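Just so you know, these numbers come straight off a predicted model, no measurement behind them.
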Amino acid sequence: SIPVQSLITQAGVQEFLLAHKNEDAKNIVLKYAGKVDFDLAPITQQIELRQKARKKISSFITPYTLLLPKLFEQSTHQEVAKYKATLINGNTYLDATTGLGIDTFFIGKNFKRIVCLEADPRHAEILVHNYKQLDVHAEIHHTTLEEFLKINKAVFDVIYIDPDRR
C-alpha cells in the first residue's frame with residue numbers, strides 16, 4: 001500500500017486530484033495511463049471516494065483529506081454525527097474506536113480534551129493526517145482501548161465506542 005504522505009507530496013498529485021475531481025475514474029485511467037508520473041490507482045480511488053463523500057461527509061472533505069474504502073464505508077453520516085454532538089458534552093472525551101473520525105470531528109467540539117484510539121496503523125496514519133488538515137486538536141494513539149487503559153489512568157467524562165461492524 002502507498003504511504004499516506006506520498007499521496008500528498010508526490011509532484012503533481014494534488015493538482016491532478018483537484019483538476020479531475022468531477023470526472024469518471026475509468027475515463028481518467030483510459031485517458032492518462034502511462035502519461036503521468038504517478039500510480040493512477042490510488043488517485044482514481046481518492047477521486048471516486050471523494051465523489052461519494054460529498055453526499056455523506058461533505059464537511060469533512062478538503063482538497064487534502066484522504067479516504068480509504070473501509071474507513072469511508074464504516075463512517076457515520078455527518079448529519080447523524082451532528083445529532084450525536086447535541087447529546088454529548090463535557091471536558092474530556094475518549095473515542096476508543098475512532099476510524100475515520102467523523103463522530104469525533106463533530107462531538108469533539110464540545111470538549112476541551114479529545115483522545116482518539118485507532119488500532120489499525122494505516123487508519124491511524126490517515127486520522128492523524130486528516131485531523132491536521134481539518135485543524136482538529138486531538139491526541140491520537142495507535143493502540144486498542146485495552147492496551148491504552150493498561151498504561152493510562154486518566155478519567156474521561158465520555159468514553160465513546162462505535163466499533164467496526166464488518
Okay, side chain of [X], backbone of [Y]: is any donor-acceptor separation there less than 3.5 Å?
X      : Y      : answer
Lys112 : Gly90  : no
His77  : Lys55  : yes
Gln78  : Ser58  : yes
Asn110 : Ala85  : yes
Asn130 : Leu66  : yes
Asp95  : Cys116 : no
Gln45  : Ala25  : no
Arg50  : Thr65  : yes
Lys52  : Glu73  : no
Tyr131 : Gly101 : yes

Is there side-chain contact between [X] and [Y], with heavy atoms separated by less than 4.5 Å?
X      : Y      : value
Arg54  : Lys21  : yes
Phe16  : Val36  : yes
His123 : Leu71  : yes
Phe72  : Lys56  : yes
Thr104 : Tyr93  : yes
Asn89  : Asp157 : no
Glu125 : Val128 : no
Gln74  : Leu100 : no

Check [X] against [Y] and note the closest heavy-atom contact, atom names and distance.
X     : Y      : answer
Leu67 : Ala53  : CD1-CB, 3.8 Å
Leu18 : Pro63  : CD2-CB, 3.5 Å
Pro69 : Leu49  : N-CD1, 3.7 Å
Gln51 : Asn22  : NE2-C, 3.5 Å
Gly99 : Leu127 : O-CD1, 3.9 Å
Ile28 : Thr44  : CG2-CG2, 3.8 Å

_Ring centres under 6.0 Å, that's the criterion: do Tyr83 and Phe106 meet it?_
no

*Compute the ring centroids of Tyr32 and His20, then answer whether they are less than 6.0 Å apart.*
yes

_Presence of salt bridge, Arg113 and Glu139, under 4.0 angstrom_ = yes

Taking a hydrophobic cluster as the set of Ile, Leu, Val, Met, Phe, Trp and Tyr residues connected by side-chain heavy atoms closer than 4.5 Å, whether directly or through intermediates, do [X] and [Y] fall within one such cluster?
X      : Y      : result
Leu68  : Val136 : yes
Phe111 : Ile140 : no
Leu87  : Val158 : yes

Roughly how far apart are [X] [atom1] and [Y] [atom2], rounded to 0.5 Å?
X      : Y      : atom1 : atom2 : result
Ile57  : Thr76  : CD1   : OG1   : 9.5 Å
Glu118 : Asp120 : CD    : CG    : 5.5 Å
Tyr160 : Ile107 : OH    : CD1   : 4.5 Å
Leu94  : Leu149 : CG    : CG    : 7.0 Å
Ile114 : Phe156 : CD1   : CZ    : 11.5 Å
Gln14  : Ile43  : CD    : CD1   : 8.0 Å

*Residues that Ile161 engages under side chain to side chain contact (heavy atoms under 4.5 Å, CB included), provided they are two or more places apart*: Ala96, Thr97, Leu145, Ile159, Pro163

*Relative to each other, are the rings of Phe60 and Phe105 parallel, tilted or perpendicular (30° and 60° limits)?*
perpendicular

*Which word best sums up how the rings of His141 and Phe148 line up, parallel for under 30°, tilted for 30 to 60°, or perpendicular for over 60°?*
tilted

*Begin from the C-alpha positions of Glu79 and Lys82 and carry the test salt bridge (charged side-chain N to carboxylate O under 4.0 Å, His left out) through to its verdict.*
CA-CA 5 Å; Glu79 295 306 317; Lys82 286 178 185 178; 3.4 Å; yes

*Take atom NZ in Lys109; do more than 12 heavy atoms of anything else shown fall under 6.0 Å from it?*
yes

*How would you list, by chain and number, every residue that makes a salt bridge (Lys or Arg N to Asp or Glu O under 4.0 Å) with Asp103, sequence neighbours excluded?*
Lys84

_Chi angles and distances behind the side chain to side chain contact (heavy atoms under 4.5 Å, CB included) call for His137, Asp135_ = CA-CA 6 Å; His137 301 283; Asp135 199 31; 3.1 Å; yes

